[in-house]
Number of protein chains: 2
Amino acid sequence: MPVTLKEVAERAGVSRSAVSRTFTEGASVSARTRAKVEKAARELGYSPNALASSLTTGRTKLIGLVSNNFHNPIFLEVFDLFTRGLQDRGLRPLLVNLSDEVDPANSIRMLRQYSVDGVIVASSTLPPSFAEAFRDAGLPVVHSFGRYTTSPYVHVVGIDNIACGRMAARALVARGHRRVAFLGGPPGATSTQDRERGFLEELARHPEITVSVTHASAYSFDAGRAEMQRLLQTTPAEAYFCGDDVLSIGALSAIQDAGLCVPQDIGIIGLNDMAMARWQNIDLTTIRQPLAEIIGASIDLVVATIEEPGRYPETRLFPCRVVERGTLRPV
Amino acid sequence: MPVTLKEVAERAGVSRSAVSRTFTEGASVSARTRAKVEKAARELGYSPNALASSLTTGRTKLIGLVSNNFHNPIFLEVFDLFTRGLQDRGLRPLLVNLSDEVDPANSIRMLRQYSVDGVIVASSTLPPSFAEAFRDAGLPVVHSFGRYTTSPYVHVVGIDNIACGRMAARALVARGHRRVAFLGGPPGATSTQDRERGFLEELARHPEITVSVTHASAYSFDAGRAEMQRLLQTTPAEAYFCGDDVLSIGALSAIQDAGLCVPQDIGIIGLNDMAMARWQNIDLTTIRQPLAEIIGASIDLVVATIEEPGRYPETRLFPCRVVERGTLRPV
DNA sequence: ACCAATTTTGCAACCGGTTGCAAACGGTCG
DNA sequence: CGACCGTTTGCAACCGGTTGCAAAATTGGT
């Protein structure tokens, strides 16, 4: 059904190579043949088969976009930015939903079958070994929202979660809170581990302040709410640094249901600054993670690695900043 | 770099066809050769190139998933279900983000270049002509969340929006409201048009009830909030049927900010029942759209059409029901 | 052990493109 | 007009598979 190179060649009265050349950037074709070919192609409605050409060129312009975060609303923003960014560069996202899969083997096999040019692993809950397995399979890979390392084995783009933990701690200290706490995401997530670490390190400099730590089972509203409900059964802290925004919103809902006021009775600071944090009925004080920059850099890096396969793995971290809204009392 | 059929054949001491056959379902290979081939393949880490095989078989197992809804949180649920559902059937989603594009031509060209087996257009804001253009290009297509027609030109899977409008109207009537209103999404969206129509038709049977209609500029929190703020400047209705949940949440926030109580002062009923509607700090009364069924049927239908290209276009609608929560007073 | 029926196998052509190479072409200059 | 040089062109091989067909191997029956 779809029209092929050969048919265009016949109609234009030229060889197949001529047609191929008019459709490849920087190939040698005279203006006359090009015109003939373009006319024939237009009349026939021809567009070259990207997959067939990938056979010889070795490039598909397909990028595997692997994620397991299909429940945290911020990932809709992430997918929006990734798909647009990839499209803008002429690349196509092949989406892989990991849901509860932890073994990269299947995804690797599948993405190799489709000869993707590169892979982006977008997750803060997958272990570093996950992205590394792609690299071991010879695929250019970038781990977005991954953990910072001084000697990375794969490209990592994201934020300095330890520094964010510190930043959150300083924000709470600056407000004079004496009993603070970290309400983390799933303990296995490197993002939570690092945020916790930074938070505790900074607070270690203030021995007069009491710190406690607990974890929600997932980065989700329900998990955040459940954990805060549990905490409210005994004496809660004065202010919480929550593992991320969706957790914060869950915690807020538990606090409000308990008849307590935010930020008077309990303060909350989140992390991400997803669109919803700006919603006026939520109005969450949070640490802003510069999504667009992270995603832009991730794409740049995967493209650079495709072009230069031996490229040395690098880490790109973007600075975050506190966005003051209504869930933490003024300094 | 990746290992090919030929290398496996050489190592196993068989022909290339033999290798090909051991990897194709239902081909004739003796147990002995199969064993030899599988051993060689395992040792070499071979997995067949899906794109190369697609050249001769004409099937890529790639499905174009086209959407323009990257800002409505329910679409994260939609993408989750679509990607999982497709993966479960051995299909791969090639995601296309339309953002503000309205012309299908580019998407069609691109999806044909990648020889997708079929296309799913997931949007309630794109006109019917959008999906139809794919069909005209010879691509099997299903329009999910599209408009119901008695004589569809493409497959449509979704809900009966007119019936939903009626259902919302009945819910408000049953509660004894005398001044009700529809706060729709973008006027161009067929979903909004149909919901409005059903709502008005049902209310026409109750001449004693005052009805008014306005529209938000998008299915988004901000648009819903802005429109409700505008409405609150004069005398608002007693209860609103909002175009969808995210609009409802925006409206709720405006109402609360104005110091009014829901459902006492103003009632709200939404549509979709997205995960967030269940969040206890939102607790939205809404009309539940059975997402999983809609998406399952969409995939079934696109698969069926791939297998039987001449298949008659059909419409599959799923029933919705009111989910009672806290934003509408009890009957 | 022989023969026919059945299964398995390899050859070779093909899917829709790309590309190195050498021949054909077009233009310039003496 | 012919030699020379740089472009443009087509041929043919190749990318990594699949598949129709006929030959080879196996099976079963006698």
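So that the names make sense, note that chain A is the first sequence line, chain B the second, and so on, each numbered from 1. Values in this document were obtained by computation on a predicted structure and should not be read as measured data.
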Can you confirm if the NZ or CZ of A/R92 lies within 45° of the ring axis of B/Y114 and under 6.0 Å from the centre of its six-membered ring?
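No.
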Got A/Y46 and A/F23 here, is their nearest side-chain heavy-atom distance under 4.5 Å?
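Yes, close enough: below the 4.5 Å cut-off.
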Could you tell me if the side chain of B/Y148 sits less than 4.5 Å from the side chain of B/T190, heavy atoms only?
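They are not in side-chain contact.
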Nearest-nucleotide wise, let me know which of B/V14 and A/P2 is further upstream toward the 5' end of DNA chain C.
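In this pair, the answer is B/V14.
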Mind checking if [X] touches a base, just sugar-phosphate, or nothing, with heavy atoms under 4.0 Å?
X	value
A/F23	nothing
B/S54	nothing
A/V19	nothing
A/T4	sugar-phosphate

To the nearest Å, how far apart are [X] [atom1] and [N] [atom2]?
X	N	atom1	atom2	value
A/K36	D/dT8	NZ	C1'	12 Å
B/N49	D/dC14	CG	P	19 Å
B/E7	D/dC15	CD	C1'	13 Å
B/R59	D/dT19	CZ	P	12 Å
A/Q113	D/dT18	CD	P	11 Å
A/K6	C/dG16	NZ	P	9 Å
A/L5	D/dC15	CG	P	19 Å
B/E25	D/dT18	CD	C1'	15 Å

Nucleotide nearest [X] when distance is taken to its side chain, options [options]:
X	options	result
B/L55	D/dT9, C/dT9, D/dG16	D/dG16
B/S28	D/dT7, D/dT18, C/dT9	C/dT9
A/S20	D/dG16, C/dT19, C/dT8	C/dT19

Along DNA chain D (nearest heavy atom to each residue), the more 5'-positioned of B/V3 and A/R34
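Going by which nucleotide is closer to the 5' end, it is A/R34.
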Can you find a side chain N or O atom of [X] that sits less than 4.0 Å from OP1 or OP2 on [N]?
X	N	answer
B/T33	C/dT9	yes
A/S30	D/dT9	yes
A/Y46	C/dG17	yes
B/T56	C/dC15	no

Presence of donor-acceptor pair under 3.5 Å, side chain of [X] and base of [N]:
X	N	result
B/R16	D/dG16	no
A/S17	D/dC11	yes
B/R21	C/dG10	yes

When rounded to the nearest 0.5 angstrom, what distance separates OG1 in A/T305 from CG in A/D300?
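The OG1 atom of A/T305 sits 10.5 Å away from the CG atom of A/D300.
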Sequence-distant partners of A/F130, ring-ring contact (aromatic ring centres under 6.0 Å, His included), two or more places apart:
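Per chain and number, A/F130 pairs via ring-ring contact (aromatic ring centres under 6.0 Å, His included) with A/F134.
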Please determine which of B/L95, B/L94, B/L65, B/L86 meets the side chain to side chain contact (heavy atoms under 4.5 Å, CB included) test together with A/L95.
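Exactly one pass, corresponding to B/L95.
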